[in-house]
Amino acid sequence: MISVFPQYRHEFGTITFFNMSSPATVMNVGKHILLAIIITAILIGGVICASSLNGSAYAEPEMKSSESSMMASSAKGTALGTISSIQSNEKSQPAWIAAGGWKLILMHSESNNTKALDAKFDARFIMTKLDGTAKHEHAISDFVLINMSDDGNTTTLTGNATMTMKDVPQKNIPMTIKIMNHNIISIALDPSVNSHLANTPLYGTVLRSSNGYHLMAHMQDTKMLAMPNNNDSQKDQQKSDEKHEAIDIVSGAASMGGKAFNPNSTIIKAGTEVTWRNVDTSIHTVTSGKNSTPDNVFDSKILSPNKAFKFKFDKAGTYDYFCQLHPAMVGAITVN
């Protein structure tokens with residue numbers, strides 16, 4: 001369990017004797033009791049809400065290695081857990097308690113005789129201010145999977161989802177889900193689209209898991225890797241003689257405006273291939289055009305975290321570009 005109050009880690013792990021005659025000591029004891037109540041409330045609320053999300057889909061046994069060959073046709077990856085988190089406000093100060101539950105189901109679907117990953121993700125949680133006021137509920141649903149990857153320790157899913165708000169549901173919110181070592185989950189909604197959670201992801205625990213999602217993500221990555229043939233080797237040799245330039249989409253790019261791309265303004269020679277790498281945790285696009293209007297020269301479509309987009313500039317000129325999801329993100333390429 002991640003400690004949401006690391007500064008109190010040692011106090012909870014040891015026995016300390018207090019002089020109760022001191023008013024300052026009484027106040028300190030009160031703070032510790034309050035923190036213990038808050039953490040207990042988060043855990044209890046999370047377990048209750050997670051139990052309400054549980055269903056027959058989670059009655060599957062742990063996947064065996066011998067079943068891995070069946071993944072392409074029938075097997076599911078499932079996980080279920082709690083949300084137990086402290087959310088910051090716009091000033092990055094702890095302000096809210098979030099407690100609830102979540103569930104994830106992954107499966108392969110048949111579409112036009114090709115196998116693709118489908119995902120269903122739902123979450124329900126309660127938010128309350130640290131003083132116990134302003135209690136309200138939220139639900140996350142209608143998740144549409146865009147990309148899924150796994151580095152051996154962390155399974156990452158990116159896509160769009162709907163979150164219920166006070167007035168009307170907010171749709172098509174870019175969202176990144178990370179499951180770390182099958183134990184911890186983080187749920188990050190793009191703050192430029194939904195500012196209610198500020199820049200703080202929802203954190204929680206994994207209570208039950210088939211771990212199939214981990215294997216499915218690994219298989220998905222493997223499908224994207226192809227063994228080069230002789231023609232590919234020749235092409236690679238040709239590319240080694242070409243000029244290259246790299247541009248990063250920086251962390252927190254959605255709120256960085258003209259500094260979202262690094263470097264923001266690039267001068268290259270004709271024949272140079274430029275690679276944009278998304279090192280942010282949110283999804284973005286690299287779209288040619290100005291004033292939020294595409295000019296159809298190049299477009300990366302949705303660019304998930306840790307993914308890249310390449311374009312070769314053969315003609316001289318100035319090429320402005322932006323992110324269609326976050327139009328304030330702008331950059332320019334000058335080709336000589």
Original post:
When you look at D190 and S192, which way does the side chain to side chain donor-acceptor pair (under 3.5 Å) test go after all the steps?
Top reply: CA-CA 6 Å; D190 193 322; S192 67; 2.7 Å; yes

Where [X] and [Y] come nearest, the two heavy atoms and their spacing:
X    : Y    : value
A254 : H326 : CB-CD2, 3.6 Å
V193 : P174 : CG2-CD, 3.7 Å
A98  : Q87  : CB-CG, 4.1 Å
Q324 : P294 : OE1-CG, 4.0 Å
K259 : V250 : O-CG2, 3.7 Å

Original post:
Of D248, N262, N306, which meets side-chain hydrogen bond (donor to acceptor under 3.5 Å, both in side chains) against R277?
Top reply: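 Between R277 and the candidates, side-chain hydrogen bond (donor to acceptor under 3.5 Å, both in side chains) is satisfied uniquely by D248.
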
Subject >> Qualifying residue for side chain to side chain contact (heavy atoms under 4.5 Å, CB included) with W102, from V206, L202, I140 >> reply: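 The side chain to side chain contact (heavy atoms under 4.5 Å, CB included) with W102 is passed solely by V206 among V206, L202, I140.
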
Original post:
Only one of I187, T156, L189 forms a side chain to side chain contact (heavy atoms under 4.5 Å, CB included) with T176, so which one is it?
Top reply: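 That would be T156.
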
**OP:** Take I184 and I179, measure what side-chain contact (heavy atoms from CB on, under 4.5 Å) needs, and give me the verdict at the end.
**Re:** CA-CA 6 Å; I184 296 297; I179 299 179; over 6 Å; no

Subject >> T272 vs F313, side-chain contact (heavy atoms from CB on, under 4.5 Å): CA-CA, chis, key distance, verdict >> reply: CA-CA 6 Å; T272 299; F313 292 85; 5.7 Å; no

May I ask you to decide if [Y]'s main-chain N or O and [X]'s side chain share a donor-acceptor pair within less than 3.5 Å?
X    : Y    : answer
N183 : N181 : yes
D299 : K301 : yes
N278 : S282 : yes
N336 : K269 : no
T82  : G204 : no
S288 : V297 : yes
N264 : V330 : yes
T200 : S88  : yes
D280 : G252 : yes

Subject >> Listed once per pair and sorted, the side chain to side chain donor-acceptor pair (under 3.5 Å) pairs that draw on residues 129-139, sequence neighbours left out >> reply: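 Those involving residues 129-139 are D131-T133, H136-H138, H136-H196, H138-H196.
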
Flag the pair [X] / [Y] as yes when at least one side-chain heavy-atom distance between them is below 4.5 Å, and no otherwise.
X    : Y    : answer
L157 : L145 : yes
T266 : I247 : yes
Q170 : T162 : no

**OP:** Indicate whether the side chain of T158 and that of N147 have a donor and an acceptor atom separated by less than 3.5 Å.
**Re:**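 Distance-only check fails for T158 and N147.
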
**OP:** Determine whether the side chains of T275 and E273 contain a donor N or O and an acceptor N or O closer than 3.5 Å.
**Re:**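 Judged by distance alone, the side chains do not pair up.
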
**OP:** Applying side-chain contact (heavy atoms from CB on, under 4.5 Å), run through L303 and V286 and close with a yes or a no.
**Re:** CA-CA 8 Å; L303 197 59; V286 178; 4.3 Å; yes

Original post:
Taking atom CG of L106 and atom CG of D118, what is their separation to the nearest 0.5 Å?
Top reply: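 If I round to the nearest 0.5 Å, the distance is 9.0 Å.
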
Subject >> Proximity of F261 and Y321 rings by center, below 6.0 Å >> reply: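 Yes, the ring centres sit under 6.0 Å apart.
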
**OP:** May I ask you to check whether W276 and F298 place their ring centers less than 6.0 Å from one another?
**Re:**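 Judged by ring-centre distance (under 6.0 Å), W276 and F298 do meet the cut-off.
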
Subject >> Hphob cluster co-occupancy, F143 + F125, side-chain heavy atoms under 4.5 angstrom >> reply: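 Both belong to a single hydrophobic cluster.
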
**OP:** Give the C-alpha distance, both sets of side-chain angles, the deciding distance and a yes or no for side-chain contact (heavy atoms from CB on, under 4.5 Å) between I249 and V279.
**Re:** CA-CA 6 Å; I249 302 175; V279 298; 5.5 Å; no

Original post:
Less than 4.0 Å between a side-chain N and a carboxylate O, is that true for K120 and D122?
Top reply: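 Salt bridge present between D122 and K120.
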
